[in-house]
Every structure is written in C-alpha cells, then in structure tokens.
Amino acid sequence: RLVLALVEDRTRERRVEEVRRDFVANVSHELKTPVGAIRLLSEAMLEAADDPEAVKRFAHRMGTESDRLSKLVQQIIELSRLQADDPLDAAVPVHLDDAIRSAVDASVIDAGAKRIAVTVGGQDDLQVFGNEKQVTAAVANLVSNAVSYSDPGSTVLVSTRVVDTSVEISVVDQGIGIPAGELDRIFERFYRVDPARHRSTGGTGLGLSIVKHVAATHGGEVRVWSEPGHGSTFTLTLPQHFGSERKQEDS
Ligand code: ADP
C-alpha cells in the first residue's frame, strides 16, 4: 500500500508540475501579444511622425494595449496569490451587502460609459465565512463580465437568496450570451469564447478561473445558464455563515 501511495504521490506531483508549466507557457504567450503590439505601434508612430492624425490614432491604440497588459499582469498576480494562500487563513465573517457593494462600485465607470444600470436586490444581511477580498473579487469579476458582454442601455441584476444552508449570489445580464458548447470551457484559464471580440473588450480569459478558484476554496461552486443573444446568469453559491447581527456602528 505504501508503494501505491508513493506512486500516487509522484503522479500527483507530475500533474502539478505539468499544470505549472502550462500556466507559465500560457502566461508568456499572453504577455507577448500586447507587448508585441505596443512595439509595432511605437514603430508605426515614428514612421508617421509628420501625420498628426495617424500619430493620435496609434497613441490611442497603444493606450488600449497598455491597459490590457496591466489588467493581465494584475489578474496573473491575483491568481497566483490565490493559489499560494490558504483563503481560510484570513477567514472572517463576510457581509455580502458590503462585498457586493464594492464589487458593483468597481464596475461603475464601465457601466456608466455604456449606460448600463446595475441593480442590487434580494435578501439583505447575509454572511459567508471566508476571505473578504477574494469573495469581493469573485463577485466583481462576474459583474465586470456582465457589463463587458452586454450592449449599451441594458440591465444587470445582482441578487442574493438563501437556498438550504447556502447563499446564492446571482449576476443576471441581458448580454450576448454564451453558446452551449462553450459553457464547460469558459472557466478554464485564458479561455475566451471569441478572442477577436476580446481585442475590443480587453478581456484576459482569467476572470472566471479566479471565480471558480474562490468558489472551490470556500466550499462553494459557480454555475452558469446562458442563451446566446438573450443573456447569461452566473450563480456563485457559498456556505452561509450564521454570525451575530451586525453592530450598529459597523453599518
Ligand atoms: P475575460 O476576462 O476575458 O472576460 P473570463 O474568464 O472572465 O475572461 O471569461 C471567459 C469567457 O467567457 C469570456 O471570454 C467570454 O467570452 C465569456 N463570458 C464570461 N462572462 C460572460 C457573460 N456575462 N456574457 C457573455 N459571455 C461571457
């Protein structure tokens, strides 16, 4: 039995190493794209020095690529931090009202620019037990996607409810939706349904893998329903925490 355990350990180690190597390869590939684009744009700018309109256009695209690069770096750091830390090291009762408010605030500029109304509803005063930053980041990624993949003027609804011993946080949009065949894959790192569209939305393909990781380490799960052309619903389910009532001075 000892031999069997050793073999299993080695297999697991090898798998972890493969995953790590794949991740590093993906990261370098993903970083090369915006870096290469910035390099080309700078050359184009130098060549077009006597055409101010062209210089402006290239400078604008350089800004977009830099934003993409910094979002990518930020999410890679977030993901590796998630994998290194035990989320329950910093576990505290997390008030979902606060986490959802911060998550929605993080998308306020993008939502405003597209005249998308993000509304929050459902049951108040729910708590989960976990890492507050991570829970907030997970909800923030779902809200940010809902805004990114929706047309201007549409609505995003974030709602909470209790189901048995869990709380459910749903983010519902009226956006472009996701084809049924892609639903399994969207939680993979760097996976994007339509990479071409990503150039304009600036997605990294990491958001949902962060959500999935946070759900798993908190003993929960994330699910999706979607109808292409009509919208998507992402539901994050986490075990409910029954803490004491919030003190007056906290609210
Ligand atoms: P990204 O940062 O690129 O958005 P994610 O991991 O968050 O990466 O999402 C992976 C893919 O899933 C996206 O490329 C997008 O195609 C699809 N997706 C995620 N959320 C939504 C949504 N609310 N509506 C439509 N498509 C979505």
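Residue numbers start at 1 and run along the sequence shown. A quick note: this is a predicted structure, and the numbers were derived from the prediction, not measured. Whatever order the structure lists ligands and atoms in, that order sets their numbers, starting from 1. We use all heavy atoms of the structure for the numbers below, so side chains are in, but hydrogens, waters and symmetry mates are not.
- Proximity of Ile186 to ligand 1, defined as any heavy-atom pair under 4.0 Å, is shared by backbone and side chain alike.
- Salt bridge status for Glu65 with Arg68: present, with a side-chain N to carboxylate O gap under 4.0 Å.
- At under 3.5 Å, a nitrogen or oxygen of Tyr149, whether backbone or side chain, sits near a nitrogen or oxygen of ligand 1.
- When each atom of ligand 1 is checked for a heavy atom of Phe234 under 4.0 Å away, the hits are 20 (N), 21 (C), 22 (C), 23 (N).
- The number of heavy atoms from other shown groups lying within 6.0 Å of CG (Asp164) does not exceed 12.
- Using a 4.0 Å cut-off to heavy atoms of Tyr191, the atoms of ligand 1 that qualify are 10 (C), 11 (C).
- Residue Phe190 forms a side chain to side chain contact (heavy atoms under 4.5 Å, CB included) with just one option from Asp22, Val27, Thr204, and that option is Val27.
- At distances below 3.5 Å, at least one donor-acceptor pair connects side-chain atoms of Ser226 with backbone N or O atoms of Gly231.
- On a distance-only criterion, Ser209 and ligand 1 share no N/O pair closer than 3.5 Å.
- Between the side chain of Ser150 and the backbone N or O of Val147 there is no donor-acceptor pair closer than 3.5 Å.
- With a heavy-atom cut-off of 4.0 Å, Leu142 does not touch ligand 1 at all.
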Could you go through the salt bridge (charged side-chain N to carboxylate O under 4.0 Å, His left out) check for Glu78 and Lys133 one step at a time? CA-CA 11 Å; Glu78 198 172 313; Lys133 267 199 189 144; over 6 Å; no
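- For a threshold of 3.5 Å applied to N or O pairs, the pair formed by Gln75 and ligand 1 contains no separation below that value.
- Short contacts between ligand 1 and Gly205, defined as distances under 4.0 Å to a heavy atom of the residue, involve ligand atoms 1 (P), 2 (O), 3 (O), 6 (O), 8 (O).
- Taking the charged nitrogens against the carboxylate oxygens, Arg189 and Glu30 have no contact shorter than 4.0 Å, which rules out a salt bridge.
- Close approach to Leu206 involves these atoms of ligand 1, each under 4.0 Å from a residue heavy atom: 6 (O), 8 (O).
- Ligand 1 has Gly177 within reach: a non-hydrogen atom of the residue lies less than 4.0 Å from it.
- Using a 4.0 Å cut-off between charged side-chain N and carboxylate O, Arg39 and Glu43 make a salt bridge.
- Interface of Arg192 with ligand 1, defined as ligand atoms under 4.0 Å from a residue heavy atom, comprises 3 (O), 14 (O).
- At least one heavy atom of Ile178 lies less than 4.0 angstrom from ligand 1.
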